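Sequential numbering from 1 along the given sequence is applied to the chain's residues. In what follows, every heavy atom counts, from backbone to side chain, and hydrogens, waters and symmetry copies are set aside. The structure presented is a predicted model; accordingly, all values stated were derived computationally and were not measured.
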Amino acid sequence: GIPGDSRRERIAGQGAGVFTWEEVQKHSHKGDQWLVIDRKVYNISQWVKRHPGGLRVISHYAGEDATDAFRAFHPQPAYVRKFLKPLLIGELAASEPCQDHQKSTVIQDFRALHDQVEKMGLFRSSPLFFCMYLGHIILLEALALLLLWNFGAGWVTFFACSVLLATSQAQAGWLQHDFGHLSVFRNSFWDHLVHQFVIGHLKGASANWWNHRHFQHHAKPNVFQKDPDVNMINAFVVGEVQPVEYGIKKLKYLPYNHQHKYFFLIGPPLLIPVYFQLQIMHTMISRRLWQDFAWSMSYYLRYCICFIPAFGFVNAFVLFFLVRFMESHWFVWVTQMSHIPMNIDYEKHDDWLTMQLKATCNIEASAFNDWFSGHLNFQIEHHLFPMMPRHNYRHAAPLVEALCKKHGLPYTVKPLWTAFSDIVSSLQKSGEMWLDAYLHK
């Protein structure tokens, strides 16, 4: 007869294997990766490199249940399952729970909520909302050019143009985020196309760079080694685990007990004009993303045509970096206010709802806050339902809050300025933890 293991592999290859979670969890390493969707077990070991969303984001769920992540990121799941079918190797044994690592049963109620908001039409977008949003971005750029043409290239015009262009760039950043999450059109083809236009032609960045980076953040928010947004390249220590770890190992790349001070010097001022600028260009060239590169170059060509004749090369160059400098402050404060003060840790294998609630919080809703943050003041709803159009977050929020209250889960909502100050205070707390561990452990 056939030995047990080889017989099982033969059956698994035919999609008829029956597995326990213990067996699935063994396959969570590079070159040997399984995952589970709706109790079906898939061997993605060879396919990860062809995954349209990138190798890393799907690899983060190796050895785990990926049902909720799959549902969150794919607008046409029935279509995607056609590609999964050849990867099917079996299913979970009937005696096995739906969730791995003894995850909370609250996920069943969350899936019911997902079905409820879908039936309520909260995944349907308003074309008028997004047309007007794009219109106001183009209007801001047009106003900058009108000022220049009517009043000439004086210093007042220079700074007025910088404010208008920085506002346009920040708002275009929120709009590309919508298209990148496939939350606008029913057909994802159009989302991808307009995403390339907005992030490439209006902002000079790369859609592929953004997708591969940002979806990792959504898949495993605030999880070290999986969320690139908490990879601080040794400039900062964040959360409560990393500072102690660095302190015990006597790692001192910078004086982290002062990080809440130098954050103002190297955080908001440099992220977009230096770090992202270099990373985007390196990514497009090294990965040969020539389509993204062409879209990006169309932005720089348009900028040069519009501003070099009026300001000259040097002043136009200064204007470009001033706009990026201002946009970077806007971007950092808005994106970090909902994440840096929250729980940051290594992989804990939490269920989708618990994981997102640990890593995110909301900011009070108002007309200004909604506009200023691109509706990312509803960060909880956005992370739970990444493909939900942002104008529907406020309708989903009471339902999510009720679910959290039912299960005793935190649903954090802060005033805007409190959220800003929490970034600094959390950096200060982490820095003090590092110093204590560095000196005494």
Salt-bridge test for [X] and [Y]: reply yes if a basic N is under 4.0 Å from a carboxylate O, no otherwise.
| X | Y | result |
| --- | --- | --- |
| Glu118 | Arg124 | no |
| Lys26 | Asp32 | no |
| Lys414 | Glu364 | no |
| Lys406 | Glu401 | no |
| Arg394 | Glu381 | no |
| Arg111 | Asp65 | yes |
| Arg71 | Asp38 | no |
| Arg39 | Glu91 | no |

Aromatic contact, [X] with [Y] (centres under 6.0 Å):
| X | Y | answer |
| --- | --- | --- |
| Trp295 | His195 | no |
| Trp434 | Tyr246 | no |
| His51 | Trp47 | yes |
| Trp190 | Phe179 | no |
| Tyr133 | Trp174 | no |
| Trp333 | Phe263 | yes |
| Phe378 | His383 | no |
| Phe129 | His391 | yes |
| His382 | His375 | no |
| Tyr256 | Phe236 | no |
| Phe110 | Phe385 | yes |

Could you grab the distance from atom [atom1] of [X] to atom [atom2] of [Y], nearest 0.5 Å is fine?
| X | Y | atom1 | atom2 | result |
| --- | --- | --- | --- | --- |
| Lys429 | Asp422 | NZ | CG | 11.0 Å |
| Ser162 | Glu327 | OG | CD | 12.5 Å |
| Gln108 | Leu353 | CD | CG | 12.0 Å |
| Glu141 | Thr167 | CD | OG1 | 11.0 Å |
| Leu416 | Ile363 | CG | CD1 | 6.5 Å |
| Ser298 | Leu202 | OG | CG | 8.5 Å |

Among Trp371, Phe325, Phe420, which residue meets the ring-ring contact (aromatic ring centres under 6.0 Å, His included) test with Trp330? Trp371
Would you mind reporting whether [Y] and [X] have side-chain heavy atoms less than 4.5 Å apart?
| X | Y | answer |
| --- | --- | --- |
| Gln171 | His136 | yes |
| Phe293 | Leu289 | no |
| Ser59 | Gln33 | yes |
| Leu399 | Val117 | yes |
| Gln169 | Arg324 | yes |
| Ile44 | Trp34 | no |

Could you pull out the closest heavy-atom pair between [X] and [Y], with the gap in Å?
| X | Y | result |
| --- | --- | --- |
| Pro52 | His212 | O-NE2, 3.8 Å |
| Met337 | Cys361 | O-SG, 3.8 Å |
| Asp292 | Ser206 | OD2-OG, 2.6 Å |
| Tyr61 | Leu35 | O-CB, 3.6 Å |
| Gly180 | Trp210 | CA-CZ3, 3.5 Å |
| Leu182 | Phe73 | CD1-O, 4.4 Å |

For Lys85, which residues count as a salt bridge (charged side-chain N to carboxylate O under 4.0 Å, His left out) partner, sequence neighbours excluded? none
Assess whether atom [atom1] of [X] is packed by more than 12 heavy atoms of other residues, nucleotides or ligands within 6.0 Å.
| X | atom1 | result |
| --- | --- | --- |
| Met132 | CE | no |
| His282 | NE2 | no |
| Tyr300 | OH | yes |
| Arg302 | CZ | yes |
| Trp290 | CH2 | yes |

Is the side chain of [X] donor-acceptor paired with the backbone N or O of [Y] at a distance under 3.5 Å, no angle test?
| X | Y | result |
| --- | --- | --- |
| Asn392 | Leu122 | yes |
| Thr157 | Leu147 | no |
| His339 | Ala359 | yes |
| Ser28 | Gln25 | yes |
| Glu347 | His349 | yes |
| Glu96 | Trp21 | yes |
| Ser125 | Val184 | yes |
| Asn211 | Ala207 | yes |
| Asp191 | Phe185 | yes |

Take the angle between the ring planes of His218 and His181 and call it parallel below 30°, perpendicular above 60°, tilted in between. perpendicular
Would you please classify the geometry between the Phe197 ring and the His201 ring as parallel, tilted or perpendicular, with 30° and 60° separating the classes? parallel
With sequence neighbours excluded, what pairs up with Phe317 under the ring pair (Phe, Tyr, Trp, His ring centres under 6.0 Å) test? Phe321
Quiz question: by atom type and distance under 3.5 Å, do the side chains of Ser373 and Asn377 form a donor-acceptor pair? yes
For Tyr346, which of Gln225, Glu245, Lys226 qualifies under side chain to side chain donor-acceptor pair (under 3.5 Å)? Glu245
Residues at least two apart in sequence or cross-chain that pass side-chain hydrogen bond (donor to acceptor under 3.5 Å, both in side chains) with Gln242, listed by chain then number, are none
Could you walk me through whether Ile308 and Tyr303 pass the side chain to side chain contact (heavy atoms under 4.5 Å, CB included) test, one step at a time? CA-CA 8 Å; Ile308 287 180; Tyr303 180 86; 5.7 Å; no
